[in-house]
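Everything on this sheet refers to the single structure shown next.
Index from 1, following the sequence. What you are looking at is a predicted structure, and each value in this text was computed from that prediction instead of being measured.
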Amino acid sequence: MNELNVPQNKGIRTNESAEFLTGDVVVFTDSNKPDHLMTVHKVQSGGVLLDGNHNFALSHLVRQATVAEVLAKRRLTAAEQALAEVP
């Protein structure tokens, strides 16, 4: 079974400014957007195709999911993220 936080396709960064690789697990940065985890299907100029080419997001609207978010299977609030970082 595939683990969400382990990319199956270890893409090669062809552009030093590229933030994402195929297989990366991401979440929206905006709390008004859905909070579920999404997997990068393909990186395009300025954006990413998500979840098997079903959704598109501009790169600046998503970020890498943290380990705590992957374990929780959703984007955490700022307060939850702060608690997750406490050892």
Side-chain angles (χ1 to χ4, degrees):
M1 189 160 138
N2 292 339
E3 295 292 327
L4 285 178
N5 60 344
V6 179
Q8 296 301 310
N9 178 5
K10 296 181 192 262
I12 298 171
R13 293 185 196 273
T14 56
N15 180 348
E16 290 300 317
S17 65
E19 294 181 49
F20 304 104
L21 295 174
T22 300
D24 284 351
V25 178
V26 298
V27 293
F28 282 110
T29 56
D30 186 347
S31 62
N32 293 321
K33 296 282 187 189
D35 67 352
H36 64 278
L37 300 176
M38 301 166 288
T39 304
V40 174
H41 176 73
K42 184 177 181 183
V43 180
Q44 294 186 328
S45 178
V48 289
L49 292 171
L50 301 166
D51 296 335
N53 201 16
H54 290 33
N55 297 308
F56 177 81
L58 295 173
S59 294
H60 70 279
L61 299 178
V62 294
R63 63 169 173 77
Q64 300 283 341
T66 65
V67 173
E69 288 170 325
V70 171
L71 293 174
K73 298 180 182 173
R74 65 178 176 83
R75 181 186 63 236
L76 299 178
T77 65
E80 290 172 323
Q81 193 73 337
L83 288 173
E85 293 175 4
V86 176

Please tabulate, for the side chains in residues 41-55, all donor-acceptor contacts under 3.5 angstrom to protein atoms that are two or more places apart in sequence or on a different chain.
from	atom 1	to	atom 2	distance (Å)
Asp51	OD1	Thr39	N	2.9
His54	ND1	Asp51	O	3.2
His54	ND1	Gly52	O	2.9

Under the side chain to side chain donor-acceptor pair (under 3.5 Å) rule, collect the residues that match up with Thr77, sequence neighbours excluded.
Glu80
State yes or no: do Met38 and Leu76 share one hydrophobic cluster built from I, L, V, M, F, W and Y residues joined by side-chain heavy-atom distances below 4.5 Å, directly or via other members?
no
Side chain of Arg75, backbone of Lys33: donor and acceptor closer than 3.5 Å?
yes
Working to the nearest 0.5 angstrom, can you tell me the gap between Asn32 CG and Thr29 OG1?
10.5 Å
Flag, side chain of Arg74 to backbone of Pro34, donor-acceptor distance under 3.5 Å
no
Mind listing the closest non-hydrogen atom pair of Glu19 and Gln64 along with its distance?
O-NE2, 3.4 Å
Say you draw a straight line from CZ of Phe28 to CG of Leu61; how long is it, rounded to the nearest 0.5 Å?
7.0 Å
With sequence neighbours excluded, residues passing side chain to side chain donor-acceptor pair (under 3.5 Å) with Thr66
Glu69, Gln81
